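Atoms within each ligand, like the ligands themselves, are counted from 1 in listed order. Just so you know, these numbers come straight off a predicted model, no measurement behind them.
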Amino acid sequence: MNELEYTRHIDTIIDRIEKARIKVSEHHIVKIVAVSKYNTAEDVAELYHIGQRAFGENRVQDLVAKQAALEELPLEWHYIGSLQRNKINALIKADPSLFQSLDSIELANALQRRLADKASTMDCLLQINSAHEETKSGVAPEQALETFAYIRNNCPNINLKGVMSIGAHTDDQALIKASFETTYKIYKQLENVSICSMGMSGDFELAIECGSNMIRLGSVMFPKEL
Ligand SMILES: *Cc1c(COP(=O)(O)O)cnc(C)c1O
């Protein structure tokens, strides 16, 4: 794919986002985070040159390596993976624009301590395991409001901006939709939040129709024939 073909490909994705977004409201804005976890720094630079600014990684070491390789570009980095306790300091140092996968009170407490030590703050999303899947991290929907309130009240260096969720892992559209609706319902009950991050390459239109305003797109943003 040359640059023109790549631009056309991304335009088709943007058209699909537009169609889904308009169904919600003309005023509904959706932000794309391009998930570059299976791609190289060169691939990120290529997508940057056709207009993409926000990128997401799910391993701290990959985030740090890509930040270093691309430091001359004004990129916005998101961290979207599970965070091991021994990587907390490295993540604080990497200073992502948004840590999307804060998934427990224990992690929040550990992160809070390290942030306070370094006099830093971090914008975060609370990850919700909306379909109760054992293979996924995140707080159970029943505990989400309470967990959110706990972090707000006890972790002053963590700025909670909203919620993140991965759609149910199934081909059944009704179940995927139900998982998005569960997350959106929680989002609507929270105060002072602005981000509802849900939707990936296989389900972003449905996620947007369910209220998502941030989608995390990997494979469709980095087609193999690149
Ligand atoms: C990998 C990943 C994505 C992107 O997945 P695609 O299906 O390739 O779009 C989005 N969110 C999270 C949390 C991921 O780990």
Side-chain angles (χ1 to χ4, degrees), residues 1 6 9-10 12-17 20 30-41 43-44 46-47 52-66 75-84 87 91 94 96-104 107 122-139 141 144 161-173 175-177 179-180 182-184 186-187 195-226:
M1 240 189 235
Y6 195 16
H9 168 77
I10 297 298
T12 66
I13 306 298
I14 292 170
D15 280 346
R16 289 171 59 189
I17 294 168
V30 177
K31 174 161 176 156
I32 306 174
V33 176
V35 177
S36 48
K37 64 189 181 195
Y38 298 130
N39 299 88
T40 62
D43 296 336
V44 171
E46 210 165 334
L47 191 49
Q52 179 65 31
R53 292 294 178 273
F55 291 86
E57 286 289 330
N58 71 341
R59 287 165 176 270
V60 177
Q61 52 275 43
D62 294 344
L63 172 67
V64 169
K66 286 196 181 105
L75 301 176
E76 175 186 315
W77 288 103
H78 293 230
Y79 187 69
I80 61 166
S82 27
L83 182 64
Q84 292 165 280
K87 299 282 164 52
L91 186 70
S97 318
L98 188 62
F99 169 31
Q100 297 207 15
S101 35
L102 181 59
D103 58 11
S104 70
L107 179 61
M122 196 180 287
D123 287 356
C124 299
L125 301 181
L126 181 65
Q127 184 173 352
I128 297 171
N129 187 354
S130 50
H132 295 101
E133 290 164 308
E134 264 176 40
T135 51
K136 276 183 196 142
S137 19
V139 301
K161 298 282 185 185
V163 295
M164 183 276 246
S165 188
I166 299 173
H169 185 67
T170 166
D171 291 330
D172 185 337
Q173 294 296 302
L175 289 179
I176 301 172
K177 187 169 184 219
S179 71
F180 288 146
T182 297
T183 302
Y184 187 69
I186 293 164
Y187 172 69
I195 302 173
C196 179
S197 172
M198 37 184 212
M200 310 184 2
S201 295
D203 56 20
F204 66 90
E205 288 138 310
L206 185 56
I208 293 167
E209 286 165 31
C210 293
S212 168
N213 60 15
M214 181 175 281
I215 54 179
R216 308 175 309 272
L217 304 182
S219 43
V220 295
M221 297 298 279
F222 293 101
K224 286 238 167 51
E225 328 75 80
L226 205 66

Between ligand 1 and the protein, tabulate every N or O atom pair separated by less than 3.5 Å, reporting distance only.
{"from": "ligand 1", "atom 1": "8 (O)", "to": "S219", "atom 2": "N", "distance (Å)": "2.8"}
{"from": "ligand 1", "atom 1": "8 (O)", "to": "S219", "atom 2": "OG", "distance (Å)": "3.2"}
{"from": "ligand 1", "atom 1": "9 (O)", "to": "S201", "atom 2": "N", "distance (Å)": "2.9"}
{"from": "ligand 1", "atom 1": "9 (O)", "to": "S201", "atom 2": "OG", "distance (Å)": "2.5"}
{"from": "ligand 1", "atom 1": "9 (O)", "to": "G218", "atom 2": "N", "distance (Å)": "2.7"}
{"from": "ligand 1", "atom 1": "11 (N)", "to": "R216", "atom 2": "NE", "distance (Å)": "2.9"}
{"from": "ligand 1", "atom 1": "15 (O)", "to": "K37", "atom 2": "NZ", "distance (Å)": "2.7"}

- Query: Taking only residues two or more places apart in sequence, or in another chain, which ones meet K37 in a side chain to side chain donor-acceptor pair (under 3.5 Å)?
  - Reply: none
- Task: State, with a plain yes or no, whether a side-chain heavy atom of S101 is found less than 4.5 Å away from one of Y79.
- Result: yes
- Task: Kindly say whether A207 contributes a backbone atom to a donor-acceptor pair with the side chain of S212 at under 3.5 angstrom?
- Result: no
- Query: Parallel, tilted or perpendicular for H9 and Y6, by the 30°/60° rule?
  - Reply: parallel
- Task: Could you point out which residue of D203, I17, N213 forms a side chain to side chain contact (heavy atoms under 4.5 Å, CB included) with I208?
- Result: I17
- Item | Among R53, K31, Q52, the one residue meeting side-chain hydrogen bond (donor to acceptor under 3.5 Å, both in side chains) with E76 | K31
